[in-house]
Every structure is written in structure tokens, then in C-alpha cells.
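These figures come from a predicted structure and were not determined experimentally. Per chain, numbering begins at 1; letters A, B, ... match sequence-line order.
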2 protein chains.
Amino acid sequence: MIGLGAAVVARKLATHSRLTSAAQAALGPFLGHARDFRRGALIAQAGDPPNVISIVKSGVACRMTMLPTGARQIHAILLPGDAADVEASLLARRSDSIQALSNCAIWPVPSRRLADLPRADEGLAEAFLREATVNAEIAREWIVNLGRRTADQRIAHLLCELCTRMDVMGVGKDGAYPFIFTQMDIADAQGLTAVHVNRVMKMLKARGLITLKARVLTVLDRRGLERLGLFDPTFLHQGRAAAA
Amino acid sequence: MIGLGAAVVARKLATHSRLTSAAQAALGPFLGHARDFRRGALIAQAGDPPNVISIVKSGVACRMTMLPTGARQIHAILLPGDAADVEASLLARRSDSIQALSNCAIWPVPSRRLADLPRADEGLAEAFLREATVNAEIAREWIVNLGRRTADQRIAHLLCELCTRMDVMGVGKDGAYPFIFTQMDIADAQGLTAVHVNRVMKMLKARGLITLKARVLTVLDRRGLERLGLFDPTFLHQGRAAAA
DNA sequence: CGAAAAATTGAGGGATCTCAATTAAGGTGG
DNA sequence: CCACCTTAATTGAGATCCCTCAATTTTTCG
């Protein structure tokens with residue numbers, strides 16, 4: 001069902017770009033066929049030539065850096081429909097890695113195919129460019145998060161970001177979202193330790209903001225969570241009203 | 001002397017892209033004429049429509065976010081030749097601001113002019129795209145810095161980054177670099193307080209790694225500074241060997 | 001079902017912050 | 001070019017947030 005899978009990407013791109021039906025049709029052949037990865041597997045590694053774009057078909061992945069000390073820092077969470085390394089072909093080699101945070105299916109699209117895309121569908125090519133831009137925007141927000149927010153705020157902010165992104169993709173209902181992250185994943189994303197993440201999550205539950213059970217996150221008080229995390233609900237939507 | 005000023009940008013772009021002499025010639029008209037800003041002035045503000053690219057002719061600027069709490073987080077330092085918002089025209093409005101950290105001269109280039117650039121010089125347009133990509137790369141490194149390094153390491157890493165970028169641009173000699181940053185600027189870039197930055201700088205001086213006098217930073221032990229900051233001297237050079 | 005991974009909890013330490021005061025530097029007007 | 005005034009740097013003391021280490025329980029997965 002390549003067609004079905006491609007719909008995920010179409011929906012994601014549609015969150016910030018207008019896609020013609022021609023563009024949607026071009027998407028299937030563009031993506032090709034997906035590859036499966038087990039949780040923890042490296043989808044791309046630092047040092048690799050960046051000649052492949054990774055697009056998530058299902059599951060969750062991340063971009064991250066392993067430090068010589070063994071510490072991991074996650075820079076971005078990749079949900080279904082998200083694309084990584086759209087622009088990377090412009091560099092000589094990749095400096096970070098992509099890792100599966102759950103079992104997942106990834107489309108590995110040769111960057112050459114992206115380079116040829118404008119000839120097939122100009123609008124689709126621009127949509128991918130916008131995708132990269134939105135991702136850069138999110139990266140800046142992460143810098144703010146890490147630099148100027150407390151642990152409570154950081155985690156609340158991350159949860160809000162993820163929920164907002166899932167909302168837009170139609171994932172989760174009634175404030176209940178699939179949540180495959182380990183407390184260590186969250187720690188590595190927010191510059192904390194797993195132990196401290198545990199204590200913060202406990203507090204979030206105690207305050208009646210969230211519930212977490214059987215890998216399902218339920219947001220009981222979205223407004224409260226946003227207030228705690230100083231989350232601006234509009235920041236991820238910017239791309240939506242983008243020109244043309 | 002528009003031609004002379006444009007040479008700064010040509011040199012910057014040449015650090016990661018090959019520029020033909022035709023591209024260099026196209027640069028002057030592309031940039032137009034610069035505007036002056038005083039230290040502290042806002043060059044662009046959150047909420048503005050992102051229809052202008054800011055390119056630094058002289059002085060130092062930064063991209064930053066002001067939080068509702070009044071705190072500032074800097075996401076990027078813009079040195080002469082650096083371009084900000086190359087990709088931003090794809091969004092509806094900017095979410096961060098650009099601020100002058102010293103008196104500086106900025107070329108405000110209408111994004112429309114960038115959109116038209118491929119028709120004038122394909123290679124030059126690609127060079128600007130690569131510029132944006134390298135900047136995204138640096139942003140990711142900042143995330144690692146903020147998330148997984150101590151205050152000592154962060155500051156050492158930032159100093160190494162700045163020195164490396166100035167080296168490439170031919171700014172500073174014999175390990176002496178112009179340094180207009182306030183300790184609060186460094187704090188706001190690295191998620192620290194000015195007081196703590198002061199103590200770390202004192203330590204760096206005590207260890208014989210640097211000297212700072214009359215707005216001139218002298219790096220006495222570059223290797224030592226890099227080791228302390230876990231700085232990988234190759235990370236900024238990636239663009240250099242970029243394809244085509 | 002059993003082994004491995006993840007979550008949870010406690011105790012204690014350290015890095016960084018906050019508050020506050022003082023000194024040094026820089027910029028401006030006379 | 002000096003005097004003044006504002007801004008930046010410096011230093012101290014005490015408080016906090018988050019980390020480290022370690023043990024235990026719970027959950028997940030093969």
C-alpha cells in the first residue's frame with residue numbers, strides 16, 4: 001500500500017504547504033518503498049555521506065548526537081510524516097545520527113531524487129523546502145527551551161509540542177496520544193537525567209495535568225500544561241499561513 | 001564602496017561553496033546598500049513578515065528570542081558575511097528577532113530578490129541555500145552545547161566556534177580576535193547568568209587559556225580551549241568539501 | 001515465563017542561580 | 001580633553017535545582 005503510506009507525508013506537508021493533487025500523485029513514486037528499523041537502530045550515522053533523506057512512514061525516530069563521553073543529545077523528534085535531511089545533500093557529510101526510538105518504517109529517499117523533484121512538481125519541491133524551514137524553526141525553539149526554561153517547563157513544553165504535532169496529523173483523540181518515549185529519551189532531549197525526568201513526570205501527574213499508562217499519554221489539562229511550559233500554541237502553526 | 005563590502009559575503013560563501021567570478025559579480029547588485037544599526041537595536045522583530053534577509057556587512061548581531069519573563073535566549077551569532085533568514089520567506093511570520101550586539105551595518109535584502117536569484121546566477125543561489133544549511137548545522141551544535149555540556153565547556157566551545165569562524169574570514173591574527181560581547185551576551189547565548197559567566201571567564205584566564213583586554217580576546221592555548229570545550233574543529237568545515 | 005529494560009524512590013553532593021555590594025570601563029556633553 | 005554618568009565586570013554569601021549513586025519495583029519483550 002504505497003499509496004496509503006504516502007498519505008501520511010501528504011498530510012504532513014499540507015500542514016504548512018498547499019499541495020495540488022498532482023503533487024500528491026507525484027509523492028508516491030518519489031517516496032519509493034520503506035525500510036523497517038527496530039527500536040534503537042541507527043537509521044543514519046554521523047560521518048555518513050548525506051545522500052539520503054529519511055522520511056518517517058510509521059513509528060518515531062530522532063536526530064541526535066553521541067558525545068565522546070557517551071552522552072546522547074537529541075535535537076529533534078521525528079513523527080510519522082516528518083522528513084529529515086532535506087537540505088543535507090548540500091554538505092559533505094552528516095554530523096549527527098538518526099535513531100529509531102520505536103520500531104519504525106522509514107523511506108530512504110536518495111537526495112538526487114529530491115534534486116530532480118522540481119522538474120516533476122515544483123510545488124512539491126517547495127513543500128519539502130518549507131518542511132526543512134519549519135524544522136529549523138523548531139530547533140530554535142529547542143534552544144530556547146534548553147537555555148532558558150526549568151526542567152518542569154522544558155518537559156511540559158516538549159509534551160505540548162508533541163501533542164500539537166500529533167493533533168495536526170490526526171493522531172490521538174480526546175487528549176490521548178500514543179507515547180513510546182522512555183524517560184531517558186525525554187532526558188536526552190531536554191538535557192536532563194532520567195531520574196529527574198521521573199520526578200517531574202510524577203509532579204505533572206500529581207498536579208492533574210497528565211496521565212501516562214500503557215504507553216498512552218492522556219493530557220487532562222492542556223491549558224495548564226501549556227501555561228506551565230510557557231508554550232505558545234501558535235509557534236508550530238506558522239508554516240500554515242505561509243505564502244503561495 | 002559597495003564592491004568592497006560585498007567581498008565580505010563572497011568570502012563567507014566561499015568557505016562552503018565554490019563561487020564563480022560571475023557569481024561574485026552578481027553579488028554586489030544583489031546586496032544593494034546597507035543600513036546602520038546601533039548596539040542593542042532590533043534589526044528585525046518577532047511577528048514581522050519575513051520578507052527581508054539580513055546579511056551582516058560589519059559588526060556583530062544575533063538571532064534571539066525574548067521570553068515573556070524578560071529573559072533573552074540567543075540562538076545564533078551573526079558575524080560579518082553571515083546571512084540570516086535565507087529560508088524564512090517560506091513562513092508567514094518570524095518568531096524570533098535579530099538584534100545588533102555592536103554597532104553594525106546590515107544589508108536588508110528583499111526575499112523576492114533571493115527568489116529571483118537563480119535566474120541571475122544559479123550557483124550563487126545555491127550558495128545561499130548552503131549558507132542556511134550550515135547555519136542549521138550550527139544550531140544543532142548549540143542544542144548539544146546547551147543540553148549536555150557544563151558551563152565551562154559551553155563557554156569554551158562558544159569561544160572556539162567564534163574563533164574558528166573568524167579565522168576562516170581572516171579576522172584576527174596571532175590568536176587575537178575582536179570581541180565585542182558582553183558577559184550577559186554570552187550568558188544569554190549559553191543559558192547561564194552573567195555572574196556565572198564572569199566566574200568561568202576568570203577560570204579560563206587563570207588556567208592560561210585566554211586573555212581579554214580592551215575588547216580583544218587572545219587565545220593563548222587553542223588546543224587546551226578546544227579540549228575543555230569538547231570542540232571538534234572539523235564541524236564548521238563540513239560545508240567546505242561540499243559537493244559541486 | 002524469565003530475563004532485561006524501564007520506572008521509581010531515597011539520600012547526599014555539586015553546579016549554578018539569586019541577591020547584593022563594589023569596582024572598573026565606556027560613552028557623552030561641556 | 002576632562003568629568004560625569006551609565007553600563008559592565010567583579011566578588012561574596014547563601015539558596016536551589018538538578019545530578020550522582022544505589023537499591024527496589026514494575027513493565028516490557030522474546
Side-chain angles (χ1 to χ4, degrees), chain A residues 36-41 59-60 67 69-73 99-104 145-156 158 178-206 210-217 228, chain B residues 38-41 59-60 67 69-73 99-103 145-156 158 178-206 210-217 228-229:
Chain A
D36 289 320
F37 292 89
R38 303 196 60 94
R39 185 162 81 102
V60 181
L67 296 189
T69 60
R72 178 178 69 160
Q73 177 65 44
Q99 186 179 30
L101 292 182
S102 70
N103 293 339
C104 58
N145 223 17
L146 288 165
R148 286 289 177 233
R149 288 199 252 257
T150 65
D152 307 354
Q153 296 171 331
R154 283 183 226 177
I155 292 176
L158 177 63
F179 195 83
I180 57 83
F181 303 100
T182 263
Q183 292 183 351
M184 196 195 282
D185 291 336
I186 298 177
D188 288 346
Q190 294 302 321
L192 301 167
T193 59
V195 171
H196 198 63
V197 168
N198 183 282
R199 294 193 227 269
V200 171
M201 297 291 277
K202 183 181 174 184
M203 180 273 281
L204 295 179
K205 292 169 191 165
I210 64 168
T211 266
L212 188 48
K213 199 174 301 179
R215 305 208 167 281
V216 172
L217 170 75
L228 174 60
Chain B
R38 303 195 61 94
R39 186 163 81 102
V60 181
L67 296 188
T69 61
R72 179 178 68 160
Q73 177 64 44
Q99 185 179 32
L101 292 181
S102 72
N103 293 339
N145 223 16
L146 288 165
R148 287 289 177 232
R149 289 199 251 258
T150 66
D152 307 355
Q153 295 171 332
R154 284 184 225 177
I155 292 177
L158 176 63
F179 195 83
I180 55 83
F181 303 100
T182 263
Q183 292 183 351
M184 196 195 285
D185 292 336
I186 298 176
D188 289 346
Q190 294 302 321
L192 302 167
T193 59
V195 171
H196 198 63
V197 168
N198 182 281
R199 294 193 227 269
V200 171
M201 297 291 278
K202 183 180 175 185
M203 179 275 280
L204 294 179
K205 293 169 189 164
I210 65 168
T211 266
L212 187 47
K213 200 174 299 180
R215 308 208 165 278
V216 172
L217 171 75
L228 174 59

Please determine, for the side chain of A:Arg38, which listed nucleotide (D:dA9, D:dG30, C:dA7) has the closest atom? D:dG30
Between A:His196 and A:Lys213, which residue's closest nucleotide on DNA chain D lies nearer the 5′ terminus? A:His196
Please tell me which of the listed nucleotides, C:dA5, D:dT11, D:dT28, lies nearest to the side chain of A:Arg39? C:dA5
Nucleotide of C:dA7, C:dT16, C:dC19 approaching B:Thr150 most closely (side-chain heavy atoms): C:dT16
Please give, in whole Å, the distance from C:dT16 C1' to B:Met201 CE? 17 Å
Gap between atoms CZ and P, on A:Arg149 and D:dC17 respectively (whole Å): 18 Å
Mind checking B:Gly191 for me? I need base, sugar-phosphate or nothing, with any heavy atom below 4.0 Å counting as a touch. sugar-phosphate
Name the nucleic acid region contacted by A:Arg154, choosing base, sugar-phosphate or nothing; use a 4.0 angstrom heavy-atom cut-off, strictly under. nothing
Test for a donor-acceptor pair under 3.5 Å between the base of C:dG10 and the side chain of A:Arg199, counting only N and O atoms. yes
Using atom CD1 of A:Ile210 as one end and atom P of C:dA7 as the other, report the distance to the nearest whole Å. 12 Å
Give a yes/no on whether any side-chain N or O of A:Asn198 is located under 4.0 angstrom from OP1 or OP2 of C:dA7. no
Interatomic distance, B:Ile186 CD1 vs C:dT16 C1' [rounded to whole Å]: 17 Å
